[in-house]
Amino acid sequence: MSELEQRTSSKVVTPRAVAAGLALAVVVNLFSVSSNYHLGYVHLTFAHIDLALLIPFLLGVLGPNLLVKAIRPSLGLRDKEVLFVFVLGWVGFMVPTWGMSNYVVNVMATAEYFASPENQWREMFFAYLPDWLIVTNEQNANRDYYWGLPESMPIPWAAWIIPSFWWLSFFGGLLAVGICFVILMRRQWVEHERLSYPLVQAPVVMTETKDEPDAVLPTIMRNRMFITGAVVTFSIMLWNTASYWTQWSSFPVDASTVLSVNFGHAFPAHPIRMNVLTFAFSYFINVDILFSVWLFQIINTLQQGILARVGVVAASGTAIPGGLVAVQFIGGMIAFALWGFWIARRHLAMVWRHVRGHETNLRDEDEFISYRAALVTGVCGMAYISWWLHVIGMSFPVIAVFLVLLFLFYFALCRVMAESGLVFLDLPINAHQFTVGMLGSASLSPQNLTALGLGSAFARNWKTFTMIIPSHVARMQSILGVSGRVLFFWASVTFVVSSITAIGFSAYSGYRLGGAANYYNNIAGDPGFYNLIITWMQNSTTISGAEVFFLVVGMAMVTGMSVARYYFSWWPISPIGFVVAAGGPARNAFFPVFLAWLLKTILIRVGGVRLYQAVQPLMIGIMVGYVLGAAVAILVDFWYFRGSIHELQFF
């Protein structure tokens, strides 16, 4: 670390900033889990930056810091310190509910509780289910989690320690591989491809005081457009909250308001719904990407309807959800990942020469860890997760196929997020399900199917936490001006603290806060993950020729669009819209994405880039006003409508 980096890090990564960042991560996890389990909110943690992160940050960090600076400026956090706090909170946000904890707690807890003579779990796959990965019912630990315990009885933490340790060790291996990818590709994406990382822009703009370092308010909050957006949106949210008691018509920005457009018989209904966060974040995305996202959603609808009318369907629908059209888009995602590696081949070759000790112009002092350490870490992580999967019953050939697909999907979405910043983005297909679809359930042993079923704890991770947020944190390193090593250390500490908090509080909630049977079954604790194994075992499937054809067609289309976009600057369609088209959230985001595209297109054509930039504070204001209004709505639900809450948004 250079002397300049040391001085900068000491001004940003201060003890108070570290303490505030770790506290924010803990609060984010507690708030996420409690609002999910005990209030019933499903979509506070879905997006890559969502209400469960923004509410604690604005009300617990940014707001109080503004008050402190107004009273005693010398005691307030500087703008880079506040941004560093946000980064640690963002790392913590990787973990709770739809990040990781819902999936792994589900897999650990539901096997014993839901097994019954009717579903035949014990007869079908319990013989292949490692007991060190689940919470067994020894001393009624599993039953009491669902039924609750009186205060006089101790919580059986021992029943959770062993499965939590092994699952977290596996997640550690996944993260090791993910961090390796992030480090090896960061310079390629930032310096060579110049990807914009749109998600990074909002927290940076929200916290910086670029004109007056000692100013109380961040620069953007002194802008009239920001104030207008915040006040109007906050007022709309207050009106909608007041309508809980009245007969007033609410503004159509909540989860319950949806208009379905039908194109005709056999065509799937096209949802039209508004999501404020999606709209606000989409404003920072390139116009060609926005255009491609909504365009391919229309093509998706038309293609599904036409295929349904002519009677062309997928033979293995139980293994590959979404049918032939989804298979086509997944082929595009695979091609997108492979194209990403291809255009980075010279950079990766130079990294390899650097690792071998040859002279290059690469510097890795500002990375999380050196390239050599990253490569060793990635190889060790891959070896560990391969061994782990083999121990739970997966054969090495299946492991090879599964991990290739898993990391191709992770890498593709990480690359998409770095370029597009689609805040709602999720995995359009789960790697373990796609593996079964490609190999055919008929050709896989019960041990393999059971092990693949356990993949629901990580392969269906909507935030692909091993790469997306770490890659954005790595991008933040140059903005913060701190050492990559220092940032990586505190991000790692934050992840460990957050994992313990989320899983520990999930267990505590079941034993002490009413029993998981009273809430978790309605959130993510149903037996669906394990029923998937039964479905595979009882429905022998093999991939059909039609599916192979559509997979190849999808790969060819994305390859063609990528080549055209690479060589022709005038090419208007980004392949990203094709890559994400199979996901449900992309379908539900059609209207706000279209609205952002239309607004941005008009502004640029009327006033150019200057007018577009002048409206940016309005979008940040809309985002802040919505978050503050959502906080009020959640508080009202907590006090007056517990048990029948009003879902604020839908992805």
Side-chain angles (χ1 to χ4, degrees), residues 263 265-268 296-339 341-342 394-409 411-412 427-446 448-449 451-453 455 459-460 532-563 575 577-584 586-587:
F263 288 82
H265 175 67
F267 286 82
F296 282 111
Q297 284 307 311
I298 293 179
I299 293 174
N300 182 4
T301 299
L302 295 176
Q303 193 174 7
Q304 286 190 58
I306 292 171
L307 290 177
R309 283 200 169 190
V310 300
V312 179
V313 297
S316 58
T318 57
I320 305 178
L324 294 174
V325 178
V327 172
Q328 172 186 267
F329 292 133
I330 301 309
M333 184 168 65
I334 294 172
F336 186 79
L338 296 176
W339 175 258
F341 285 118
W342 172 254
M394 199 179 297
S395 63
F396 283 115
V398 176
I399 289 172
V401 175
F402 173 56
L403 290 183
V404 167
L405 289 173
L406 179 71
F407 286 110
L408 277 177
F409 293 171
F411 177 82
L427 279 170
I429 186 68
N430 303 317
H432 61 317
Q433 291 177 277
F434 196 69
T435 300
V436 174
M438 291 294 99
L439 299 179
S441 61
S443 64
L444 295 173
S445 66
N448 275 307
L449 292 175
L452 285 165
R460 63 187 301 123
L532 188 61
I533 301 174
I534 301 298
T535 299
W536 291 336
M537 289 182 173
Q538 294 181 342
N539 297 273
S540 297
T541 60
T542 56
I543 187 169
S544 65
E547 289 169 302
V548 173
F549 173 78
F550 274 82
L551 186 75
V552 173
V553 167
M555 295 179 70
M557 291 182 68
V558 165
T559 301
M561 284 187 283
S562 298
V563 171
F578 191 99
V579 171
V580 306
R587 189 167 183 79

J.: Please report the closest heavy-atom contact between V579 and G332, naming both atoms and the distance.
T.: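 For V579 and G332, the tightest heavy-atom pair comes out as CG2-O, 4.0 Å.
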J.: Search all heavy atoms of S443 against all heavy atoms of L439 and return the closest pair with its distance.
T.: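 Closest approach of S443 to L439, heavy atoms only: OG-O, 2.6 Å.
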J.: Is any side-chain heavy atom of Q328 closer than 4.5 Å to one of Q303?
T.: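 A side-chain contact under 4.5 Å exists here.
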J.: Rounded to the nearest 0.5 Å, how far apart are CG of L532 and CE of M537?
T.: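 Between atom CG of L532 and atom CE of M537 there are 10.5 Å.
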J.: Are the side chains of L302 and F267 in touch, meaning some heavy atoms are under 4.5 Å apart?
T.: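 With C-beta onward as the side chain, the pair touches.
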J.: For the residue pair W342 and L338, establish whether any side-chain heavy-atom pair is separated by less than 4.5 Å.
T.: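 Answer no - side chains too far apart.
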J.: Within a strict 4.5 Å, meaning less than it, do heavy atoms of the W536 and L444 side chains meet?
T.: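 Result no, sub-4.5 Å side-chain heavy-atom pair not found.
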J.: So, for F434 and F409, is the gap between ring centers shorter than 6.0 Å?
T.: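 Yes.
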J.: For L551 versus V327, what's the shortest heavy-atom pair and its separation?
T.: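 Here L551 and V327 meet closest at CD1-O, 3.6 Å.
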J.: Going by the rule side chain to side chain donor-acceptor pair (under 3.5 Å), which residues pair with Q297 if we only count those two or more places apart in sequence or in a different chain?
T.: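 Scan of Q297 (side chain to side chain donor-acceptor pair (under 3.5 Å), adjacent residues dropped) gives none.
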J.: So, does N300 use its side chain to make a donor-acceptor pair with the main chain of V325 at under 3.5 Å?
T.: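 Absent.
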J.: Are the side chains of V436 and H432 in contact, using a 4.5 Å heavy-atom criterion?
T.: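 Side-chain contact under 4.5 Å: no.
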J.: Give a yes or no on whether F341 atom CZ has more than 12 heavy-atom contacts from other residues, nucleotides or ligands under 6.0 Å away.
T.: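 It does: F341 CZ has more than 12 such atoms within range.
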J.: Would you indicate whether the side-chain heavy atoms of I334 and L405 approach each other to under 4.5 Å?
T.: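 Yes, their side chains come closer than 4.5 Å.
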J.: Grab the two heavy atoms, one from I399 and one from M394, that are nearest each other, plus how far apart they are.
T.: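 Answer, listing the atom of I399 first, then M394: CD1-O, 3.5 Å.
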J.: Which residues pass the side chain to side chain contact (heavy atoms under 4.5 Å, CB included) test with A442, sequence neighbours left out?
T.: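 Expected list: S540, T542.
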J.: Applying side chain to side chain contact (heavy atoms under 4.5 Å, CB included), name anything that partners A266, two or more places apart in sequence or on another chain.
T.: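 With sequence neighbours excluded, A266 shows a side chain to side chain contact (heavy atoms under 4.5 Å, CB included) to A308, R309, given in chain and number order.
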J.: Partners of T559 by side chain to side chain donor-acceptor pair (under 3.5 Å), sequence neighbours excluded?
T.: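 With sequence neighbours excluded, T559 shows a side chain to side chain donor-acceptor pair (under 3.5 Å) to no residue whatsoever.
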J.: Test of understanding: with side chain to side chain contact (heavy atoms under 4.5 Å, CB included), list the residues that count as partners of V404, not counting sequence neighbours.
T.: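 In terms of side chain to side chain contact (heavy atoms under 4.5 Å, CB included), with neighbours along the sequence ignored, V404 is linked to L408.
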J.: So which atom in P575 and which in S562 form the shortest heavy-atom distance, rounded to 0.1 Å?
T.: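 The pair with the smallest heavy-atom distance is CG-OG, 3.7 Å.
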J.: Output all residues satisfying ring-ring contact (aromatic ring centres under 6.0 Å, His included) with F329, sequence neighbours left out; order by chain, then residue number.
T.: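 For F329, the residues satisfying ring-ring contact (aromatic ring centres under 6.0 Å, His included) (neighbours in sequence not counted) are F578.
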J.: Run through V580, I429, V558 and flag the one making a side chain to side chain contact (heavy atoms under 4.5 Å, CB included) with M333.
T.: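 One option only clears the test, and that one is I429.
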J.: Under the side chain to side chain contact (heavy atoms under 4.5 Å, CB included) rule, collect the residues that match up with V548, sequence neighbours excluded.
T.: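 With sequence neighbours excluded, V548 shows a side chain to side chain contact (heavy atoms under 4.5 Å, CB included) to I543, V552, given in chain and number order.
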J.: Test your reading of the model: is there a side-chain donor-acceptor pair from E547 to the backbone of S544, 3.5 Å cut-off?
T.: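 Yes, E547 side chain to S544 backbone: donor-acceptor pair under 3.5 Å.
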